[in-house]
Amino acid sequence: MAKDIKIALTGDRPTGRLHLGHFVGSIQNRLKLQNEADKSFYMVADIQGLTDNADNPEKVRGNVLEVALDNLACGLDPKKTTMFIQSEVPEIAELTVLFLNLVTLARLKRNPTVKDEMKQKGYGEDVPAGFLMYPISQAADILFCKGNLIPVGEDQLPVIEQANEVVLKFNSLYGETFQKIKPVLSETTRLVGTDGNSKMSKSLNNAIYLSDPLEEISKKVMNMYTDPGHIHVEDPGKVEGNVVFTYLDIFDDKKEEVSELKKQYEKGGLGDVVIKKRLIEVLEKFIAPIREKRAELAKNPTAVMKILEEGTIEARKVAKETMSEVRKAIKIDYF
Ligand code: TRP
């Protein structure tokens, strides 16, 4: 494969519906890259989903369709992006096993993303081995198709860094096989949660979903964290750290009006309800078309599964080519 060929790949763990944080952090770049890259892949990372849900396979299984629907509804186009299911490409598992020899246990334990997630889940030393090594499995997710452009949120940067260490080690031991991987970050790499927590996440219960109905959006925005010191309408309010303004900055196209509102808010005389109502409208305008397209697609789950099945066939073809190259490089090509 030529050196400068652009191969985009991303994935989602099928552990829940996707939210605005996913859109801002990664989906918008997926949509861009499917037009700009030479080849584009999207993976439903069910094996990764199982690394912390081994006891709940129904959850993973059930969400395969959900994350596929979310991505299709946002505009991922199966004609441009090969959409597939991780576990149906066993070559990825094979590549993972070979990559595991290139990393130490100490290094796995140092990955800041994994450390954070372990803390959040309260694993301590009793972390499932599969979970601890998921960055290596993710390196295989990316490298089975020689992916080099990876749209991810900021939290995934240490995972990409570790994947690049695998690339370096592999190439130095077995000869130049893989290219350096580039993470593709969006302008807003991390969306704050509705409660003001630094990250929107399902487990923190502070997310607005791409499939939320208007009533749900309204409820969440009405409860949004603003400025706790802004009690009366006439009080001067703080814009910084005020989630409503953070979201308006990202989702409201009328930048001048937003900046005018900020001035008024800081001076005093602008109530939270006014800016919240505006945000509800802005978010509804953004989410409604996604939600509607999603509902339409959801009427025919068989068709969506068919897209994944066809994409998987395509992904496997590519995976087999890479594996034969890898086997040769490692000298395990016997017959
Ligand atoms: N770890 C990613 C997440 O939690 C999901 C993922 C799995 C992924 N495999 C990938 C992302 C490969 C990019 C490339 O969001």
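Keep in mind the model is a prediction, meaning the values are calculated, not measured. Counting convention: from 1, in listed order, for ligands and their atoms alike.
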Considering only heavy atoms from C-beta outward, does the side chain of Lys109 approach that of Glu125 to under 4.5 Å? yes
Quick one: is the NZ or CZ of Lys39 closer than 6.0 Å to the six-membered ring centre of Phe41, and within 45° of its axis? yes
Assert yes or no for the condition that the ring centre distance of Phe131 to Tyr123 is strictly below 6.0 Å. yes
Does a side-chain heavy-atom distance below 4.5 Å link Asp212 with Lys219? no
Please list the nearest protein heavy atom to atom 7 (C) of ligand 1 with its residue and the distance rounded to 0.1 Å. Gln48 NE2, 3.3 Å
Side chain, backbone, both or neither: which applies to Val159 and ligand 1 if a contact is any heavy-atom pair less than 4.0 Å apart? neither
Distance to 0.1 Å, residue and atom name: give those for the protein heavy atom nearest to atom 9 (N) of ligand 1. Asp141 OD2, 2.8 Å
Are any of the side-chain nitrogens in Lys328 or Glu325 under 4.0 Å away from the carboxylate oxygens of its partner? no
Using distance alone, determine whether Gln156 and ligand 1 share an N or O pair under 3.5 Å. yes
Can you name the atoms of ligand 1, numbered from 1 with element, that are less than 4.0 Å from a heavy atom of Ile150? 13 (C), 14 (C)
Just by distance, do the side chain of His230 and the backbone of Leu270 share a donor-acceptor pair under 3.5 Å? yes
Would one find an N or O of Gln138, backbone or side chain, under 3.5 Å from an N or O of ligand 1? yes
I need the nearest protein heavy-atom contact for atom 14 (C) of ligand 1: residue, atom name and distance, please. Leu9 CD2, 3.6 Å
Between ligand 1 and Asp12, is the shortest N or O to N or O distance under 3.5 Å? no
For atom 4 (O) of ligand 1, the protein heavy atom that lies nearest, with its residue and separation: Arg13 NE, 3.4 Å
Does NZ or CZ of Arg291 come closer than 6.0 Å to the centre of the six-membered ring of Tyr209, within 45° of the ring's axis? no
Contact atoms of ligand 1, heavy-atom distance to Ala45 under 4.0 Å: 7 (C)
Between the candidates Gly11, Gly25, Ser137, Gly153, which shows the shortest non-hydrogen contact distance to atom 15 (O) of ligand 1? Gly11
Could you pull out all residues at least two apart from Asn101 that satisfy side-chain contact (heavy atoms from CB on, under 4.5 Å)? none
